[in-house]
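Here is the structure we will look at.
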Amino acid sequence: MRASEYLIPTLRETPAEAEVVSHRLLLKAGYIRKAASGFYTLLPLAHRVLQKIMRIIREEMDRQGGQEILLPIMQPAELWLRSGRWQVYGPELFRLKDRHGRDFCLGPTHEEIITELVMGDVRSHKQLPLLLYQMQNKYRDERRPRFGLLRGREFIMKDLYSFDRDEAGLEVSYRKMFEAYQRVFGRLGLEFRPVEADSGPIGGNVSHEFMVLAGSGEALVVHCPGAACGYAANVEKAESGAKRPRHEEEPAALELAPTPGKRTVDDVCAFLEVGPERIVKTLLYETDKGPCAALVRGDREVNEVKLGNAVGAVHLEMAGPETIRRITGAPVGFTGPVGLEGVRFVVDDEVSFMVNCITGANQGDAHYRNVNPGRDFPLPLVTDLRLVREKDPCPRCGLPLLAARGIEVGQVFKLGTKYSEVMGLTYLDEHGAERPVVMGCYGIGVTRTLAAAVEQNHDEQGMIWPAAIAPFAVVVVPVNVRDEVQSELAEKAYAALSGAGVDVLLDDRPERPGVKFKDADLVGYPLRVTVGKTAADGLVELRLRKNGDTRLAGIGELAAVVRALL
RNA sequence: CGGGGCGUAGCUCAGCUUGGCUAGAGCGCUACCUUGGGGUGGUAGAGGCCGCAGGUUCAAGUCCUGUCGCUCCGACCA
């Protein structure tokens, strides 16, 4: 491919709308253009990258026995009404009508239609297991599209669904997919980490997320430094490690302490001259299962996912000042468990071990001292409720955990029979008994992976693609195209590399060398072959984008040297 | 959905407060000259429904109302 004939509209200035690095670079380097909020055109460079990513995904899905299909993107409302998600999905579902006024939606995911498919055509245990996947556009009318390709309203996702006879079969399918994902992200050249994840509203009991590690990632994960242990989890899911032993201290008598205007843990600590680990924080939440009070130590945060799971709530949010006053009779900042009624208590296990702690007194400007869980307030539900943070002990081996940020690019779930039972997806086993199909689902955000690769691999100059997914692995840059020696040698280099099966772009534009070098760095070709001063000697210069290392090579050995470097 | 900000040339932005000739700059683009190892220097050009609609006014890019779009922060998610 020749740059003079190829559409690579790089910008000198960055469009103002872009905030995150991948969005900015993708726009600036001429990979994408916005069509509308959350909708992007992929220009040739991005399209090439996408094709390479999809190819690797396909190969790994197929290797595990996956069979690719193509499903309708536009789907009848009827299907979604039957699963109940026409209502549940809410405004995120893009809805439209055909000319007859019938309701349709643009698929945000494909569980319904694939279940429908399998229900119609799979009846016997002889047809199982089955791994079906598709890689297509999905649509979600996000509340707030942002970050360019990291969160669009239209995006490409690979979804594979596994259908098995029983749990043992599901376990096999799950492991196959887990391995496939490791291979996919490894081949893409990304630094990633699989972590334990909450299965969320999709349900099921086991789930892992695949995180591309990047400082800009929205997700926070913790992992154990112990090589033998290997524990890693999304903080939403991460379990708390070893419990703190009970204080060797005799419970003292409950005592009211005036704390005028001291609403925050910090204020109360300073005023009463105690550490935050002596305080019990009582947070009121409103949930679809009624109000509840979450109790954690003063220096801890509530993990809302754990709280939701503990009370069986799907939606929860912190109560506002009016609600707090109605329930506690006190303003914000003085809520405590002693004498509190009309709410469900959920107590972090760490709190249950505390002795002589300090809590709000449910009256303005006062706290209690020497509060003792169990004695001064009930413990109907003691559970792991706190948010795990860095340096907390690993729940498996006790070593201090490390934290990292990541971009979620894939998630695998064991769905079990949750879906199939609701939808009536069954098969006849070898004894003629009707049994629910055991399902799993496995997604990869393909367009998001493209953006995540940029988030993880860039510098001030531009992108730095892993060779496996670079739009072109090599760019050949003649310094002066009007110099016949240089342009001829550049053509030879281009032909040699093309002939050797390397994806190569010849930057034959009559631009100044500085312009071409800047563009090459911006677009992020892993390797640049510069044809300049040394051309008369038949030598070209090779420069690695990631570290700037350079070396000379003769035209005859070029293809071999390039292949060794990539 | 709540709270801010912004819509003027392909891109980045002035101009609006205090209404007044033909609406500006830099970059990019076109042609020519120059230069030729990190966005060269010059000459001449092209390019605008000032987001849209209504209103006020002798006069609106500028003031008022409405509307649409974009964006950032917050609550939710691949």
Side-chain angles (χ1 to χ4, degrees), chain A residues 9-20 23-24 27-28 30 33-39 89-92 107-110 135-159 197-198 200-202 207 209-212 217-219 234 236 285-286 304-305 308 314-318 320 406-413 441-452 461-462 477-483 486-487 509-522 528 530-535 540-541 543 548 550:
Chain A
T10 58
L11 302 174
R12 215 172 239 206
E13 280 170 285
T14 306
E17 68 195 46
E19 190 62 21
V20 297
H23 190 195
R24 217 168 56 221
L27 285 167
K28 191 173 181 204
R33 289 293 181 259
K34 184 174 64 187
S37 177
F39 291 89
Y89 231 96
E92 287 212 349
T109 176
H110 285 75
M135 212 171 339
Q136 299 176 237
N137 285 2
K138 314 265 161 131
Y139 296 83
R140 291 185 196 172
D141 199 355
E142 286 281 344
R143 287 177 178 193
R144 186 181 162 200
R146 55 179 151 178
F147 304 150
L149 291 188
L150 283 172
R151 174 167 317 206
R153 291 195 284 177
E154 175 181 74
F155 53 97
I156 299 173
M157 196 154 102
K158 185 281 306 177
D159 261 323
D198 186 73
I202 295 181
S207 177
E209 289 168 332
F210 284 75
M211 298 287 186
V212 166
E218 287 189 275
N234 191 317
E236 289 180 354
Y285 281 85
E286 297 194 81
E304 295 188 354
V305 171
V314 179
H315 298 290
L316 69 161
E317 57 183 312
M318 290 194 70
I407 300 165
E408 184 192 340
V409 289
Q411 186 163 16
V412 293
F413 294 93
C441 78
Y442 317 85
I444 293 178
V446 181
T447 28
R448 173 179 278 188
T449 299
L450 188 159
Q461 302 303 314
V477 180
V479 169
N480 182 358
V481 292
R482 301 221 300 242
D483 179 313
Q486 288 184 20
S487 59
R509 295 174 301 164
E511 290 288 346
R512 309 252 323 162
V515 172
K516 296 203 267 193
F517 292 158
K518 287 282 186 190
D519 271 354
D521 287 349
L522 179 62
R528 189 180 86 200
T530 312
V531 185
K533 292 169 192 155
T534 56
V540 299
E541 179 184 293
R543 181 176 183 275
T550 60

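Order of the sequence lines sets the chain letters (A, B, ...), proteins ahead of strands, with each chain counted from 1.
Relative to the ring axis of A:Phe155, A:Arg448 does not place its NZ or CZ within 45° and under 6.0 Å from the centre.
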### Annotated protein contacts, base or backbone, on nucleotides 68-75 of chain B with a non-hydrogen cut-off under 4.0 Å, one of B, S, - each
--SSBBBB

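Residue A:Arg33 is out of contact with every strand shown, counting any heavy-atom pair closer than 4.0 Å. Using a 4.0 Å heavy-atom distance criterion, A:Gly443 is classed as making no nucleic acid contact. As judged by a 4.0 angstrom heavy-atom cut-off over every strand, A:Asp159 is placed among residues making no nucleic acid contact. The residue A:Thr447 sits apart from the nucleic acid: no heavy atom pair falls under 4.0 Å. No contact: A:Gly90 has no heavy atom under 4.0 Å from any strand. No contact: A:Gly445 has no heavy atom under 4.0 Å from any strand.
In terms of heavy-atom proximity, A:Gly548 sits nearest to A:Arg543 at O-CG, 4.0 Å. A pairwise comparison of heavy atoms in A:Tyr285 and A:Glu304 identifies OH-OE2, 2.9 Å as the closest pair. For A:Val446 against A:Lys158, the heavy-atom pair with the smallest separation is CG2-N, 3.8 Å. The two residues A:Asn480 and A:Arg482 have their closest heavy-atom pair at OD1-N, 2.9 Å.
For A:Glu541 (side chain) and A:Thr530 (main-chain N/O), no donor-acceptor pair under 3.5 Å exists by modelled atom type. Side-chain atoms of A:Lys518 never come within 3.5 Å of backbone atoms of A:Gln461 as a donor-acceptor pair (strictly under, hydrogens ignored). A donor-acceptor pair under 3.5 Å is absent between the side-chain atoms of A:Arg140 and the main chain of A:Arg153, judged by distance alone.
Atom CD of A:Glu236 and atom C1' of B:C77 are 10 Å apart (whole Å). Here B:G28 presents its P atom at 19 Å from CG of A:Leu27, a figure rounded to the nearest Å. Atom-to-atom, OH of A:Tyr89 to P of B:C77 comes out at 10 Å; the value is rounded to the nearest Å. Residue A:Lys533 contributes atom NZ, which lies 11 Å from atom C1' of B:G36 at whole-angstrom precision. Atom CZ in A:Arg448 sits about 8 Å away from atom P in B:A78, given to the nearest Å. One atom, CD of A:Glu92, and another, P of B:C1, lie 13 Å apart when rounded to the nearest Å. Counting to the nearest Å, the C1' atom of B:U35 and the CG atom of A:Asp483 are 14 Å from each other. In this entry the distance linking CZ of A:Arg12 with C1' of B:G38 reads 12 Å, nearest Å.
No hydrogens or angles considered: a donor-acceptor pair under 3.5 Å links the side chains of A:Gln411 and A:Ser207.
Judged by centroid separation below 5.5 Å and plane tilt below 30°, A:Phe517 does not stack onto the base of B:G37.
Across all strands shown, B:G2 forms a Watson-Crick or G-U wobble pair, both distances under 3.5 Å, with B:C73. With a 3.5 Å ceiling on both atom-pair distances, B:G38 lacks any Watson-Crick or G-U wobble partner. Partner assigned to B:G66 is B:C52, using Watson-Crick or G-U wobble distances below 3.5 angstrom.
Remark: the A:Arg482 side chain and the B:G36 base include a donor-acceptor N/O pair separated by less than 3.5 Å. The base of B:G39 has none of its N or O atoms less than 3.5 Å from a complementary donor or acceptor on the side chain of A:Glu511. Between the side chain of A:Asp521 and the base of B:G38 there is at least one donor-acceptor pair of N/O atoms closer than 3.5 Å. Put simply, the side chain of A:Asn480 and the base of B:G37 share no donor and acceptor less than 3.5 Å apart. In the interface, the side chain of A:Glu13 is not paired with the base of B:G28 through any donor and acceptor atom under 3.5 Å apart.
For the C1' atoms, the distance linking B:G28 with B:G39 amounts to 11 Å, nearest Å. Separation of the P atoms belonging to B:C73 and B:G37 is 43 Å when rounded to the nearest angstrom. Annotation: B:C64 and B:G20 have their P atoms spaced 15 Å apart (nearest Å). Comparing B:U62 with B:U18, their P atoms are spaced 15 Å from each other, to the whole Å. Taking atom C1' on both nucleotides, B:U30 is separated from B:G51 by 28 Å, rounded to a whole Å. For the C1' atom pair drawn from B:C11 and B:G74, the interatomic distance equals 31 Å after rounding to whole Å. Taking atom P in both B:A9 and B:G61, one finds a spacing of 15 Å when rounded to whole Å. Comparing the same atom, P, in B:A60 and in B:C70 gives a spacing of 30 Å after rounding to whole Å.
Nearest-nucleotide positions on RNA chain B for A:Val409 and A:Lys518 put A:Lys518 closer to the 5' end. Each of A:Lys28 and A:Gln411 was matched to the nucleotide of RNA chain B holding its nearest heavy atom; the match closer to the 5' end belongs to A:Lys28.
Of the side-chain N and O atoms in A:Arg512, none sit less than 4.0 angstrom from OP1 or OP2 of B:G36.
Annotation: the span from A:Arg143 atom CZ to A:Arg151 atom CZ amounts to 11.0 Å, rounded to 0.5 Å.
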